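Note sheet for the following structure.
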Amino acid sequence: MEDVTRLVSSGDCLKIWDSTSMTVLEQFNPHSATHPVAQVCWSSSNQYLVSASSIGDKLVVSSLKSSPVPVMELGEGKKQTRVSLNSTSQFLVSGGLDNTVNIWDLKTKRLHRSLKDHKEEVTCVSFNGGDSYIASGSTSGEIILHSITTNLSSKPFGHGPNVPIHDLRYSLVKRSLLGTVSDSGSVALWDANTQKELHLFEGAHKAPCSGLAFSPANDLLFITVGLDKKIVCYDTSSKMVFRNKQVESPLTAIDFTPDGAGLVVGSTQGRIYLYDLRNLSAPVKITTAHKTSVTCIRFQNSTSKLKVQLSVLFVQNHSRFHMSDGCFDLNLAAVESGAEGRGAPLTSVQMDFVRNMIHEALEDFRDTCHRDIINLQVEMVRQFYIQLNEIHGLIEKYSVNDSLIEEIERLREENKRLRANY
């Protein structure tokens, strides 16, 4: 099982596939059998799945260590239909029919925080790469970013009023890049740090756009699918559509293969199509997967083994990070030499991946710190003026004023007059 790259799809049930042969490894449904499973995501270790149904009956964590078995249920009756895990899989964010976004602590099995910024149904949720922000979209067309650090939410932004957001995802390579798709068929790229629109691909689809995915290997590539039966490929650098493909049925879900060389899409007819990006003219494989529409497709996480390998190498060889002018310089030579005798050395591609990952992480960390400091300063100023206004009100209410002094003097004179006469 360790050598198999698995794919999970949802619809009338959950199915786990061998992505190479597209044979079913497991099939189960931890939710009500009368309603489709709306969304599913892998844990960081690939040993658990978290799922939600279209009616929001409950959130279920299922263990895959042997046969699939539910090990935790959360949010029963809270109508949560969308799920996303953070990078450590300790925190789960969910959203749904009750207009709320909930953050769950899976370690304590309790609701950590509930956000009520949306006015209508929440249709998509996602952690950013650094786990410092949560992005959510709704049927009202609003996209909101919430800071985990400061507990502050951004002003709503989006494709326009009453244009429902169907999906949103952060880029896996450029971590400040956020992509969104809408009911109008438009596709947008945003700078998540400033919430500024970088580009709007208006009319990219002639029907509602149902999903998008960023390439895990190329920061210039992302792809969307829609109910107009189209697969559309974009270049984030030139901000142009460079390829599109018409297929036989409306498309509902999408994900890249872990190596970035392939693509899987799901349709309203319950089929899964596997494409080689070098040739989109025809799918490599077509599989009938579900009796209902394919609501979600996700490959298992592919970076866990590399992270473990790198962590072991760093500890064993005392690899050092040098900070110079705000940048990390990774001692790759030490890592490569330390790999000898304990396994194959890292390839140049892996070296570049690690270097880029570190630089991106540092850039994201610096941006997050700067943004959080500004948010804290703004909040401190706001609290200061709130308290200042309260103090002024109390002073005005209880302080001695001219009219009160005049009234006291009048009473004194009246008291003297009464004493003199009586």
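FYI, the numbering just counts along the sequence from 1. Quantities reported herein were computed from a predicted structural model and do not represent experimental measurements.
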Under 3.5 Å, side-chain donor or acceptor atoms of residues 59-69 against the rest of the protein: list the pairs with distances, not counting sequence neighbours.
from: Ser63; atom 1: OG; to: Lys65; atom 2: N; distance (Å): 3.4
from: Lys65; atom 1: NZ; to: Tyr48; atom 2: OH; distance (Å): 3.1

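Neither side chain, Ser210 nor His166, offers a donor N or O lying under 3.5 Å from an acceptor on the other. In this structure, a donor-acceptor pair under 3.5 Å is absent between the side chains of Asp235 and Ser237. Checked by atom type, the side-chain pair His205/Thr224 shows a donor-acceptor distance below 3.5 Å. A donor-acceptor contact closer than 3.5 angstrom is absent between the side chains of Thr123 and Ser138. For the residue pair Ser132 / Asn128, a side-chain donor-acceptor distance below 3.5 Å is found, with atom types taken as modelled. Between Ser44 and Asn301, the side chains place no donor N or O within less than 3.5 Å of an acceptor N or O (distance only, hydrogens not considered). Between the side chains of His118 and Ser140, no donor-acceptor pair of N or O atoms lies under 3.5 Å.
Remark: Lys239 NZ is packed, more than 12 non-hydrogen atoms of other residues, nucleotides or ligands lying under 6.0 Å away. Counting heavy-atom neighbours within 6.0 Å of Lys230 NZ, excluding the residue itself, gives a total above 12. Under a cut-off of 6.0 angstrom, the local environment of NZ in Lys78 is sparse, with at most 12 non-hydrogen atoms contributed by other residues, nucleotides or ligands.
Judged as a salt bridge (Lys or Arg N to Asp or Glu O under 4.0 Å), and not counting sequence neighbours, Glu202 has no contacts. Applying the ring-ring contact (aromatic ring centres under 6.0 Å, His included) test to Trp190 and every residue at least two apart in sequence or in another chain returns Phe157. A search for side-chain contact (heavy atoms from CB on, under 4.5 Å) contacts involving Thr100 returns Gln80, Asp98, Asn102, Ser114, Lys116, not counting sequence neighbours. Residues satisfying the side-chain contact (heavy atoms from CB on, under 4.5 Å) criterion with Ser19, sequence neighbours excluded, are Thr5, Leu7, Phe299. Under the ring-ring contact (aromatic ring centres under 6.0 Å, His included) criterion, Phe365 pairs with no residue, sequence neighbours left out. Take Tyr170 and apply the ring-ring contact (aromatic ring centres under 6.0 Å, His included) test, not counting sequence neighbours, and it matches no residue. Every residue two or more places apart in sequence or in another chain that forms a ring-ring contact (aromatic ring centres under 6.0 Å, His included) with Tyr234 is listed here: Phe201, Phe222. Remark: Glu73 pairs with Lys58 by the salt bridge (Lys or Arg N to Asp or Glu O under 4.0 Å) rule, at least two apart or across chains. For the salt bridge (Lys or Arg N to Asp or Glu O under 4.0 Å) test, residues two or more places apart in sequence or in another chain that qualify with Arg278 are Asp276. Residues forming a salt bridge (Lys or Arg N to Asp or Glu O under 4.0 Å) with Lys119 (at least two apart in sequence, or on another chain): Glu142.
For residues 22-42, the set of pairs meeting the ring-ring contact (aromatic ring centres under 6.0 Å, His included) definition, not counting sequence neighbours, is empty.
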